[in-house]
Number of protein chains: 2
Amino acid sequence: MKNFDTVSLSFSGGSHDHKHCVKTALNDAEALCSARGARLTDARKRVLELVWESHHPVGAYDVLSKLSQESGKTAPPTVYRALDFLLEQGLIHRIESLNAYVGCSHPSEEHSGVFLICNNCGCAAEVHDSTIDQAILKKTDSLGFKTDQRMLEVRGTCPDCHSTQ
Amino acid sequence: MKNFDTVSLSFSGGSHDHKHCVKTALNDAEALCSARGARLTDARKRVLELVWESHHPVGAYDVLSKLSQESGKTAPPTVYRALDFLLEQGLIHRIESLNAYVGCSHPSEEHSGVFLICNNCGCAAEVHDSTIDQAILKKTDSLGFKTDQRMLEVRGTCPDCHSTQ
DNA sequence: TTAAATAATGATATGTTATAACATTTACAG
DNA sequence: CTGTAAATGTTATAACATATCATTATTTAA
Ligand SMILES: [Zn+2]
Ligand SMILES: [Zn+2]
Ligand SMILES: [Zn+2]
Ligand SMILES: [Zn+2]
C-alpha cells in the first residue's frame, strides 16, 4: 500500500475549485469501475455526484430528497443501494458518528483514513498517517485481535474556523 | 492523565466473574457522582446496570425493553436521558459503529479509549495506548486541527473467537 | 438470436434509532 | 413551607435503515 501521509483537503473548504474535485472523482470512479467490471450506472453515478457536492458529509436522506426533486418520487432503498455499491467500491466513506457519507479522493487504493470533522463548519477532511496505522496495528497485534476494518473519527475545530472565529 | 496502556477486558468474556465487574462499576459510579455533586438517581443507576449486563455493547432500545418489562411502559426519552447523563459523566461509552453503549471501567479519568469489537461474539474491549494517542495528536496538531473528541473503533475477531474457531 | 440467468431498479411496507415539545413530579436551598 | 431547578413522564414525530417482492435491464451461453 502506498504512503498516503497527506490531507485530501486542506480545510480550505470554501476557497478551492470544487468542480475539479468532483470531475476528478467521477473520472476516477468511471475508470476504476470499468477496470473492475463493476457497473457504475447512471443512478450510482448521480448519487456519487451528490455525495461529492461538497466536502461536508451528506446524509442518505439528503441525497434522497435531491433525487426526488430531480427525478420524481424516489424511495430509500434506491439511495441505500447506490451508497452500498459506492462503499463497496471504496468510492465513498461512511462517517459513523454522523450517519453520513463523503467522497473518497483516492479510491484506487485500499486504505483506512482518519476523518477530521469540524464541529463548527461541518467539513470533513480525510487524512492518512502511517504512524497512526502502525501504532494501532502494533496494539491490536499484541492483543491477538485480528482487524477487519477500523474507523477513526476526530471531532473538533478545523484550522479555518479556528483562525476566522 | 494516567497511563492506561491496558486492556479493560482480556476478551475472556465468558469466563470471568462479571458480577464483580458490575459491582465495581456501580460502586465507582456512586462515588464519582457523589464527589461531583451529580445525581445518580435510581433510573440512571438501573440503566447503568443494564448497560453493564455484559461486555457486549447494548442498544438503547434493548435497555428500553428491559425497563418496560420490569417497570411497565417506558418511553424512549427516559432511556436516552439516562444514557446522556451516563455519557456526560464518563460512566459509559457510545460505540458509534453499532449505535450502542458499553460501560467504562475507569470513569474517574478523562480518556479516549480504543474499542476492539469482535464481529463474531460481539464483545467489546476498551483499550488504551499512549502511542496511538500521541500519533493522532501529532497529526492533528500538525494540521492545526483542535480536537474535542475522537472515536477509534476496530472491528475484527477477538483472540477467544480466533482460537476456539 | 433467443432463452435463461443474473444484476439492477421500482415500490410498498416496516423496522430501528433518536429527539422535540410540553406537562408533571421531585429534590433541595433559602 | 415555598420558590426554583432538576428530573421524569407522556405523546408525537423525526431521522436513519432494511425486508420483501415485483419488474426491468444486462449479460451469458446454448
Ligand atoms: Zn479515501
Ligand atoms: Zn470548520
Ligand atoms: Zn466483566
Ligand atoms: Zn469474539
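The model shown is predicted, which means the values in this text are computed figures rather than measured ones. Here is how names work: the chains are called A, B, and so on, in the same order as the sequence lines, proteins then strands, and each is numbered from 1.
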How long is the gap from [atom1] on [X] to [atom2] on [Y], to the nearest 0.5 Å?
X: A:Ile136; Y: A:Arg150; atom1: CD1; atom2: CZ; result: 4.0 Å
X: B:Leu50; Y: B:Asp62; atom1: CG; atom2: CG; result: 10.0 Å
X: B:His128; Y: B:Asp133; atom1: NE2; atom2: CG; result: 8.0 Å

field: Mutual orientation of the aromatic rings belonging to B:His55 and B:His18 [parallel < 30°, tilted 30-60°, perpendicular > 60°]
entry: perpendicular
message: Show every side chain to side chain donor-acceptor pair (under 3.5 Å) that has at least one partner inside residues 140-149 of chain A, sequence neighbours left out.
response: A:Asp148-B:Asn119
task: Sequence neighbours left out, what pairs pass side chain to side chain donor-acceptor pair (under 3.5 Å) with at least one residue falling in residues 25-35 of chain B?
output: B:Glu30-B:Lys45
message: Looking at B:Ser163 and B:Pro159, would you say the former's side chain and the latter's main chain have a donor-acceptor pair under 3.5 Å?
response: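 Yes, because the side chain of B:Ser163 sits within donor-acceptor range (under 3.5 Å) of the backbone of B:Pro159.
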- prompt: For the helix from C:dT1-D:dA30 to C:dG30-D:dC1, how many degrees between its two end axes (five pairs per end), to the nearest 10°?
  reply: 30°
Side-chain donor-acceptor contacts of residues 86-101 of chain A below 3.5 Å, not counting sequence neighbours, with atom names and distances?
{"residue": "A:Gln89", "atom": "OE1", "partner": "A:Arg36", "partner atom": "NH1", "Å": "2.9"}
{"residue": "A:His93", "atom": "NE2", "partner": "A:His111", "partner atom": "NE2", "Å": "3.0"}
{"residue": "A:His93", "atom": "NE2", "partner": "A:Glu126", "partner atom": "OE1", "Å": "3.2"}
{"residue": "A:His93", "atom": "NE2", "partner": "A:Glu126", "partner atom": "OE2", "Å": "3.1"}
{"residue": "A:Arg94", "atom": "NE", "partner": "A:Glu96", "partner atom": "OE1", "Å": "3.1"}
{"residue": "A:Arg94", "atom": "NE", "partner": "A:Glu96", "partner atom": "OE2", "Å": "3.4"}
{"residue": "A:Arg94", "atom": "NH1", "partner": "A:Tyr101", "partner atom": "OH", "Å": "2.8"}
{"residue": "A:Arg94", "atom": "NH2", "partner": "A:Asn99", "partner atom": "OD1", "Å": "2.9"}
{"residue": "A:Ser97", "atom": "OG", "partner": "A:Glu153", "partner atom": "OE1", "Å": "2.6"}
{"residue": "A:Ser97", "atom": "OG", "partner": "A:Arg155", "partner atom": "NH1", "Å": "3.1"}

message: Strictly by ring-ring contact (aromatic ring centres under 6.0 Å, His included), give each pair with a member in residues 58-89 of chain A just once, sequence neighbours left out.
response: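 Qualifying pairs: none.
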Is any side-chain heavy atom of [X] closer than 4.5 Å to a side-chain heavy atom of [Y]?
X: A:Leu152; Y: A:Ser112; result: no
X: B:Val154; Y: B:Val114; result: yes
X: A:Asp160; Y: A:Asn120; result: no

message: Holding to side chain to side chain contact (heavy atoms under 4.5 Å, CB included), I want the full list of residues that pass it with A:Asp17, two or more places apart in sequence or in another chain.
response: A:Lys19, A:His20
Which residues share a salt bridge (Lys or Arg N to Asp or Glu O under 4.0 Å) with A:Arg81, sequence neighbours left out: none
- request: Kindly write out the residues that satisfy salt bridge (Lys or Arg N to Asp or Glu O under 4.0 Å) with A:Arg46, not counting sequence neighbours, or none if the list is empty.
  value: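 For A:Arg46, the residues satisfying salt bridge (Lys or Arg N to Asp or Glu O under 4.0 Å) (neighbours in sequence not counted) are A:Glu49, A:Glu70.
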message: Just to be sure I understand the geometry, which residues of residues 32-48 of chain A put a non-hydrogen atom under 4.0 Å away from DNA chain D?
response: A:Arg39
- request: For DNA chain D, find the residues of residues 75-85 of chain B with a heavy-atom distance under 4.0 Å and give them by number; none if there aren't any.
  value: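 Hits under 4.0 Å, by residue number: B:Ala75, B:Pro77, B:Thr78, B:Arg81.
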- prompt: Using a heavy-atom distance cut-off of less than 4.0 Å, which residues of residues 96-103 of chain B contact DNA chain C?
  reply: B:Asn99, B:Tyr101
task: On DNA chain C, reading 5' to 3', which nucleotide is the first and which the last to sit with an atom under 4.0 Å from a heavy atom of chain A, could you check?
output: C:dA7 to C:dT12
